Structures are given as structure tokens and as C-alpha cells.
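As the structure lists them, so they are numbered: ligands from 1, and atoms in each ligand from 1. Here the structure is a predicted model, which is why all the values come from computation and not from measurement. Positions are given from 1 along the sequence.
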Amino acid sequence: MSEAAKTLEGWYSLHDFRAIDWTSWKMLSSDERQAAIHEFLSLLEKWNTTQGEKKGSHALYTVVGQKADFMMMVLRPTLEEVNEIENEFNKTKLAEYTVPTFSYVSVVELSNYLPSDQDPYQSPEILARLYPILPKSKHVCFYPMDKRRQGDDNWYMLPMEDRRSMMRSHGMIGRQYAGKVKQIITGSVGFDDYEWGVTLFSDDALQFKKLVYEMRFDEVSARYGEFGSFFVGNLLEEDRVAQLLHIN
Ligand code: VOV
């Protein structure tokens, strides 16, 4: 049997994708819409407070294309808190005018493929990766993925050393994007339909295309990567929420 990589887990994560039901939203009076926007902004204010206390983090992005209109990504210490946030949003007025289109449940994960000699829970760098404050980058890219388990291409049958050397090569490519793309890998084995969620943040959306393309040629992606749907979007700052939902 090949050895399982050891993993470190941080905050639990929910990616919640919503389409806006514009037809019914438009039927509300302007006052009703204002009240719904106000209520949603108060919810965001609450999440900001939690984030300020470093007890979680969140990101709000519009999504380009028909897969969704916006995405909320929330990170919290427990699965219960993530669940509460989901329900809290669902109870808002705005939620009545949204349709859930996709969601993803996972937990921030680091593995020991790139070994380090320090106690990970004493390392500020590792702690910052396990409990990340999500950046306010202009763009986000999210997709779930698996490592292939088929015939001769079974990641889970490979010796640790082989997997480690492929992950080293993966990390080297990734490192060339330092300062341009920030990645958050969340593990979802046992939680959701794929094995990992990949969330990328960048101020330049083209860097997603370049990075993901370059990785396709790298063995771990070329031979073992299997991908779900891709979502790409733009930062939705709080002061733009009203504008997004504005009806003339
Ligand atoms: C910004 C770029 C970037 C960088 C620097 C980077 C580095 C690293 C390192 C050092 C490590 C291993 C240790 C750890 O930290 O866990 C990983 C781990 C992982 N990655 Fe990665 N990755 C990046 C980016 C990056 C991308 C774009 C993808 C999607 C792949 C693609 O083809 O579309 C990805 C996937 C993963 C996954 C699924 C894992 C977990 C695999 C497992 O079997 O456990 N990743 N990754």
C-alpha cells in the first residue's frame, strides 16, 4: 500500500454560487429592493467584524457567464459556523431572489509533499496559509478537481517519493506566479464530489489562463488531473452591491 500524504487542515470553507432571479427582483418596489440590499450589506458587515477578529474570512465576487451571477466564499473554524452562514443568507430577503446554482464544501488544506523541519503549528507562515484572510484581488477563479485513479494512471497507487517529486515540480511552476496569483487549496475528500477545490486570486484574470495552461503540461496535471466546472469572476466590493442590484 502506498503511504497517504499527511495533511494539515485549517478553516472550513463554503463556496456558494447564486444566480439572480432578475424577473422577480424587478417586480419588487424600489423601497423593497433597498431594504433587501441594506439587509445584505448588514450581513456583510457582520462577516467583516468576524474577519477583523481573525475568526474567519469571506470573499464576494460576481461570476461571468451563465453558471452564476455571484459567489460567496466563506471560511470559518467549524462546519457548524459555515452551515449557519449558509442558513443566515438563505433567510435574507435577497436570497428569495436568488437561485443556488452550485456549492462546494471543503477545508483549507496543506500537505507534507514539500517537507519542512519545523513544527507547522508554530510557523506563522503556515498558520497564515491555514487560516487565510482572503485577498481583495480583482478576480477569482474556482474549480474542483480530482487526481485520476484509472488503469495505469492511479495517483493513489504511486509511491510517496514519486508523488513528492511531481508535487515539487508543480510547486516550482506555481512559484513563478508568486505575487501574481494567490492559490488556496481546500481538501474535500468525504465532503464534496471532487477531492479538492482550487481557488485562485489575481488582479489580472489572464494570469489564471497562463498558470492553468502551463500546469496542464506538468505531469501531475497532465497525467493525473481531472477537472470539474470552472468559474471566473470579478471582485464585488460592498459599495458596488447596490449598483449591481440597481434597476432603472
Ligand atoms: C500560485 C500557484 C501555485 C503554487 C505556488 C502551488 C504550490 C503547491 C504546493 C507547494 C503544493 C504541495 C504542498 C501543499 O501546500 O499542499 C500544492 C498542492 C496542490 N496544488 Fe498547487 N500550487 C499552485 C497552483 C495550483 C493550481 C493552479 C492547481 C490546479 C491544478 C491544475 O492543473 O489546474 C493546484 C492544485 C493543487 C492541488 C490539488 C494540491 C494538493 C495535491 C495533493 O495531492 O495533496 N495548485 N500546490
Side-chain angles (χ1 to χ4, degrees), residues 2-11 13 15 59 73 75 104-121 123-132 134-135 137-150 153-233:
S2 48
E3 176 196 348
K6 293 203 172 53
T7 54
L8 297 171
E9 281 79 19
W11 279 333
S13 164
H15 292 71
M73 175 179 181
L75 300 177
Y104 208 73
V105 179
S106 53
V107 61
V108 178
E109 180 190 286
L110 295 178
S111 68
N112 69 339
Y113 283 125
L114 302 193
S116 126
D117 40 19
Q118 45 187 335
D119 173 358
Y121 288 105
S123 153
E125 198 216 341
I126 301 236
L127 292 175
R129 291 183 63 199
L130 291 173
Y131 309 105
L134 299 175
S137 306
K138 282 163 71 180
H139 306 285
V140 75
C141 170
F142 170 79
Y143 52 100
M145 68 173 290
D146 284 334
K147 293 274 175 75
R148 184 166 297 137
R149 286 181 279 127
Q150 254 166 31
D153 294 334
N154 188 331
W155 175 257
Y156 295 92
M157 302 279 278
L158 295 175
M160 183 65 173
E161 250 332 290
D162 296 7
R163 283 177 282 135
R164 181 166 276 159
S165 87
M166 279 188 260
M167 289 312 291
R168 204 175 290 130
S169 162
H170 167 85
M172 301 270 272
I173 294 176
R175 244 186 283 158
Q176 292 166 23
Y177 290 80
K180 289 191 270 190
V181 179
K182 182 181 168 64
Q183 95 279 18
I184 296 187
I185 301 300
T186 51
S188 45
V189 170
F191 290 170
D192 217 318
D193 299 346
Y194 285 81
E195 294 166 346
W196 290 276
V198 178
T199 311
L200 308 174
F201 295 90
S202 180
D203 285 330
D204 174 8
L206 270 186
Q207 296 302 320
F208 299 144
K209 179 176 182 294
K210 291 183 189 301
L211 167 62
V212 174
Y213 185 63
E214 192 173 347
M215 284 191 173
R216 288 291 156 99
F217 292 92
D218 185 52
E219 192 171 5
V220 68
S221 295
R223 190 185 293 273
Y224 299 103
E226 288 193 351
F227 302 91
S229 285
F230 281 67
F231 298 83
V232 69

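For residues 203-224, every residue pair satisfying the ring pair (Phe, Tyr, Trp, His ring centres under 6.0 Å) rule, not counting sequence neighbours, is listed here: Trp155-Tyr224, Tyr213-Phe217.
At a threshold of 4.5 Å between non-hydrogen side-chain atoms, the residues Leu134 and Lys182 do not count as touching. Taking 4.5 Å as the limit, some side-chain heavy atom of Leu127 sits within range of a side-chain heavy atom of Tyr121. Val108 has its side chain out of reach of Arg129: every pair of non-hydrogen atoms, C-beta onward, lies at least 4.5 Å apart. Ser2 is listed as a side-chain neighbour of Arg163, based on a closest heavy-atom distance under 4.5 Å. Residues Phe227 and Ser229 are not in side-chain contact: their nearest non-hydrogen atoms beyond the backbone lie 4.5 Å or more apart. Between Val198 and Val212 there is no side-chain heavy-atom pair separated by less than 4.5 Å. Between Leu110 and Pro120 there is no side-chain heavy-atom pair separated by less than 4.5 Å.
Among all heavy-atom pairs drawn from Cys141 and Phe230, the shortest one is SG-CD2, 4.4 Å.
Only the side chain of Lys147 comes within 4.0 Å of ligand 1, judged by heavy-atom distances. The residue Glu195 has no part lying near ligand 1, judged by heavy-atom distances below 4.0 Å. At a 4.0 Å heavy-atom cut-off, ligand 1 touches Leu110 through backbone and side chain alike.
Closest to atom 42 (C) of ligand 1, if we only count protein heavy atoms, is Trp196 CZ2, 3.3 Å. Closest to atom 12 (C) of ligand 1, if we only count protein heavy atoms, is Ser111 OG, 3.7 Å. Of the protein's non-hydrogen atoms, Leu114 CD1, 3.2 Å is the one closest to atom 10 (C) of ligand 1. For atom 24 (C) of ligand 1, the closest non-hydrogen atom on the protein side is Met215 CE, 3.5 Å.
Side chain of Tyr104 to main chain of Tyr194: a donor-acceptor pair is present (N/O by atom type, distance under 3.5 Å, no hydrogens or angles).
For ligand 1, the atoms sitting less than 4.0 Å from at least one non-hydrogen atom of Phe227 are 31 (C), 32 (O), 33 (O), numbered in the order shown with element in parentheses. For ligand 1, the atoms lying closer than 4.0 Å to a non-hydrogen atom of Tyr143 are 27 (C), 28 (C), 29 (C), 30 (C), 31 (C), 33 (O). Atom numbering of ligand 1 starts at 1 in the shown order; those under 4.0 Å from a heavy atom of Met145 are 29 (C), 30 (C), 38 (C). Every atom of ligand 1 is numbered from 1 in the order shown, and the set under 4.0 Å from a heavy atom of Val181 is 1 (C). In summary, the atoms of ligand 1 found under 4.0 Å from a heavy atom of Arg175, numbered by their order in the structure, are 5 (C).
Around atom 21 (Fe) of ligand 1, the protein contributes the following N, O or S atoms at distances under 2.8 Å: His170 NE2.
The environment of CZ in Arg148 is crowded: more than 12 heavy-atom neighbours from other residues, nucleotides or ligands sit within 6.0 Å.
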Show every donor-acceptor pair shorter than 3.5 Å between a side-chain atom in residues 171-178 and any protein atom, with sequence neighbours excluded, or say none if there are none.
residue, atom, partner, partner atom, Å
Tyr177, OH, Lys210, O, 3.3
Tyr177, OH, Glu214, OE1, 2.7

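Of the polar atoms of Ser221, at least one N or O is found under 3.5 Å from an N or O of ligand 1, judged by distance alone.
Using 4.0 Å as the threshold, Arg129 has a heavy atom nearer than that to some atom of ligand 1.
By the side-chain contact (heavy atoms from CB on, under 4.5 Å) test, Arg164 pairs with Asn112, Tyr113, Pro115, Met160, Glu161, Arg168, sequence neighbours left out.
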